[in-house]
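Here is how names work: the chains are called A, B, and so on, in the same order as the sequence lines, proteins then strands, and each is numbered from 1.
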There are 2 protein chains.
Amino acid sequence: MSTRVDAVTAWESLFRAQVAVMRTIAAEFPTRDISLNEYDVLFNLSRQPGRELRQRDLNRQTLLAQPSLSRLIDRLAGRGYVEKAPDPKDARGTLIRLTDEGFALFRRVAVEHMASITARVGGALDTDDLAQLAVLCDKLRADEG
Amino acid sequence: MSTRVDAVTAWESLFRAQVAVMRTIAAEFPTRDISLNEYDVLFNLSRQPGRELRQRDLNRQTLLAQPSLSRLIDRLAGRGYVEKAPDPKDARGTLIRLTDEGFALFRRVAVEHMASITARVGGALDTDDLAQLAVLCDKLRADEG
DNA sequence: GCTAATTCGATACGTTTGCATCGAGAATGG
DNA sequence: CCATTCTCGATGCAAACGTATCGAATTAGC
């Protein structure tokens with residue numbers, strides 16, 4: 001069956017493309033202000049209703065191990081960008097909420113970051129390619145398991 | 001211009017897909033034997049003629065910072081999976097060569113790893129999708145800058 | 001309703017990573 | 001040919017990460 005080989009090849013291409021693009025983007029990222037992992041957390045919170053999310057759900061969006069995210073959040077909380085509150089629905093859980101200051105930081109960084117992405121990604125693919133790529137990647141992500 | 005928005009959307013999709021797939025793959029990876037970054041180094045060496053590469057070139061394939069790769073290689077060398085030799089063409093450079101033991105380890109791990117990829121990626125997209133995705137990602141990667 | 005198994009987040013601890021910097025060698029420019 | 005600049009890889013050091021483990025809370029099975 002050729003799908004076996006094709007799947008590995010496609011993943012290889014996707015992974016290398018991700019590395020290539022990420023290198024450019026990371027080089028232009030304002031790491032002094034915030035790390036990419038921290039940005040990713042702010043990003044995920046920002047698009048949530050009420051700008052809050054359970055730590056458990058936040059963890060599912062990233063590749064970070066649970067203890068790593070736990071401490072990353074403590075660092076963000078220490079700098080005033082997020083707040084931690086117990087989940088009223090589940091006493092085990094913790095709700096992480098983006099503060100106004102955190103949202104302001106996110107928006108400020110997002111502007112530069114999106115410009116980097118537009119330059120690197122938009123410069124390599126035309127509109128049709130971009131749309132196609134997004135569809136395929138969404139399909140790939142959807143199939144959890 | 002709508003390409004601005006599309007580029008950011010497409011990158012977002014690609015990145016999230018990469019995270020989703022990587023989570024599955026990493027969970028099934030034999031981390032006891034070797035880390036994913038270490039595997040990536042062995043992988044890159046394995047497909048090189050003579051199975052050797054300059055550390056500088058190796059560095060361009062990964063997202064690791066130069067000192068991190070330097071020490072990762074030292075660890076691999078300490079375990080006998082690679083060997084370091086001065087580059088006769090350039091006395092600054094170091095050639096990293098995959099040993100037979102390193103190649104054997106790579107092949108052993110690659111079997112399981114490719115099975116993980118096939119299951120996760122091949123299960124979500126059909127052959128046409130996979131081919132399309134590979135083309136788009138290669139195009140995206142090609143445009144370095 | 002009670003016990004066992006699971007989930008959630010935090011902490012201890014060793015490992016890995018990145019940033020800053022260095023010395024040695026190679027390229028550049030006069 | 002010499003001085004300046006750049007490239008390559010290594011090391012000091014602090015920050016961040018992952019594995020193992022724990023206590024508290026919830027869920028599942030009897």
Side-chain angles (χ1 to χ4, degrees), chain A residues 19 22-42 44-45 52-79 81-97 144, chain B residues 19 22-42 44-45 52-79 81-97 144:
Chain A
V19 168
M22 186 61 85
R23 190 201 319 278
T24 305
I25 287 174
E28 297 171 351
F29 197 83
T31 311
R32 310 259 169 195
D33 298 329
I34 195 179
S35 77
L36 270 162
N37 280 335
E38 289 167 342
Y39 174 82
D40 196 36
V41 166
L42 299 193
N44 277 292
L45 290 175
E52 72 178 6
L53 204 53
R54 286 217 21 198
Q55 187 180 129
R56 195 262 318 242
D57 297 322
L58 211 39
N59 214 151
R60 291 182 177 153
Q61 301 290 320
T62 61
L63 284 175
L64 284 172
Q66 178 269 315
S68 303
L69 179 62
S70 178
R71 277 181 285 229
L72 186 151
I73 288 170
D74 283 347
R75 266 175 266 141
L76 288 176
R79 295 203 273 159
Y81 297 139
V82 302
E83 284 173 354
K84 298 168 72 168
D87 184 350
K89 308 271 187 182
D90 185 342
R92 294 170 302 179
T94 305
L95 287 171
I96 315 299
R97 188 161 41 84
E144 295 285 352
Chain B
V19 168
M22 185 61 86
R23 191 202 318 281
T24 305
I25 286 174
E28 296 170 352
F29 197 83
T31 310
R32 310 259 170 195
D33 299 330
I34 195 178
S35 77
L36 269 163
N37 280 335
E38 289 167 342
Y39 175 83
D40 195 38
V41 167
L42 299 192
N44 277 291
L45 290 175
E52 72 178 7
L53 205 53
R54 288 218 19 197
Q55 187 180 126
R56 199 259 322 234
D57 297 323
L58 211 39
N59 215 150
R60 290 183 177 152
Q61 301 290 320
T62 61
L63 284 175
L64 283 171
Q66 178 270 317
S68 303
L69 178 62
S70 178
R71 278 182 276 231
L72 186 150
I73 288 170
D74 283 348
R75 268 174 264 140
L76 287 177
R79 294 202 275 158
Y81 297 140
V82 302
E83 285 173 355
K84 299 168 71 168
D87 184 349
K89 308 270 186 184
D90 185 341
R92 293 170 302 180
T94 305
L95 287 171
I96 315 299
R97 187 161 44 84
E144 295 287 353

Between the protein and nucleotides 8-15 of chain C, which nitrogen or oxygen pairs are less than 3.5 angstrom apart?
unit_1, atom_1, unit_2, atom_2, d
C/dC8, OP1, A/R56, NE, 3.4
C/dC8, OP1, A/R56, NH1, 2.2
C/dC8, O3', A/R54, NH2, 3.1
C/dG9, OP1, A/T94, N, 3.0
C/dG9, OP2, A/R56, N, 2.8
C/dA10, OP1, A/K84, NZ, 2.6
C/dA10, OP2, A/Q55, OE1, 3.4
C/dA10, OP2, A/Q55, NE2, 3.2
C/dA10, OP2, A/S70, OG, 2.4
C/dA10, N7, A/Q66, NE2, 2.9
C/dA10, N6, A/Q66, OE1, 2.8
C/dA12, N6, A/R71, NH2, 3.3
C/dC13, N4, A/R71, NH1, 3.3

Within a strict 4.5 Å, meaning less than it, do heavy atoms of the A/R23 and A/V19 side chains meet?
-> yes
Given side chains that start at C-beta, do those of B/D87 and B/L95 come closer than 4.5 Å, heavy atoms only?
-> yes
Is the distance from OP1 or OP2 of D/dA16 to the nearest side-chain N or O of A/S68 less than 4.0 Å?
-> no
Distance below 4.0 Å between A/N37 side-chain N/O and D/dC17 OP1 or OP2 | yes
Here the distance between atom P of C/dC19 and atom CG of A/L36, to the nearest Å, is 10 Å
Length of the CZ-C1' vector between A/R23 and C/dG18, whole Å = 15 Å
Per-helix bend value, the helix from C/dG1-D/dC30 to C/dG30-D/dC1, C1' rotation axes over five pairs per end, 10° rounding, shows 50°
Quick one: which protein N/O atoms are closer than 3.5 Å to N/O atoms of nucleotides 1-4 of chain D? Pair and distance per line, please.
none

Just jot down the salt bridge (Lys or Arg N to Asp or Glu O under 4.0 Å) partners of A/D90, sequence neighbours excluded, or say none.
-> A/R54, A/R92
Excluding sequence neighbours, so at least two apart, what forms salt bridge (Lys or Arg N to Asp or Glu O under 4.0 Å) with B/R60?
-> B/D57
Excluding sequence neighbours, so at least two apart, what forms side chain to side chain contact (heavy atoms under 4.5 Å, CB included) with A/T31?
-> A/F29
So, the side chain of B/N44 versus the backbone of B/D40: is there a donor-acceptor pair under 3.5 Å, distance only?
-> yes
Counting any heavy atom closer than 4.0 Å, what does A/L69 reach on the DNA or RNA strands: base, sugar-phosphate only, or nothing?
-> nothing
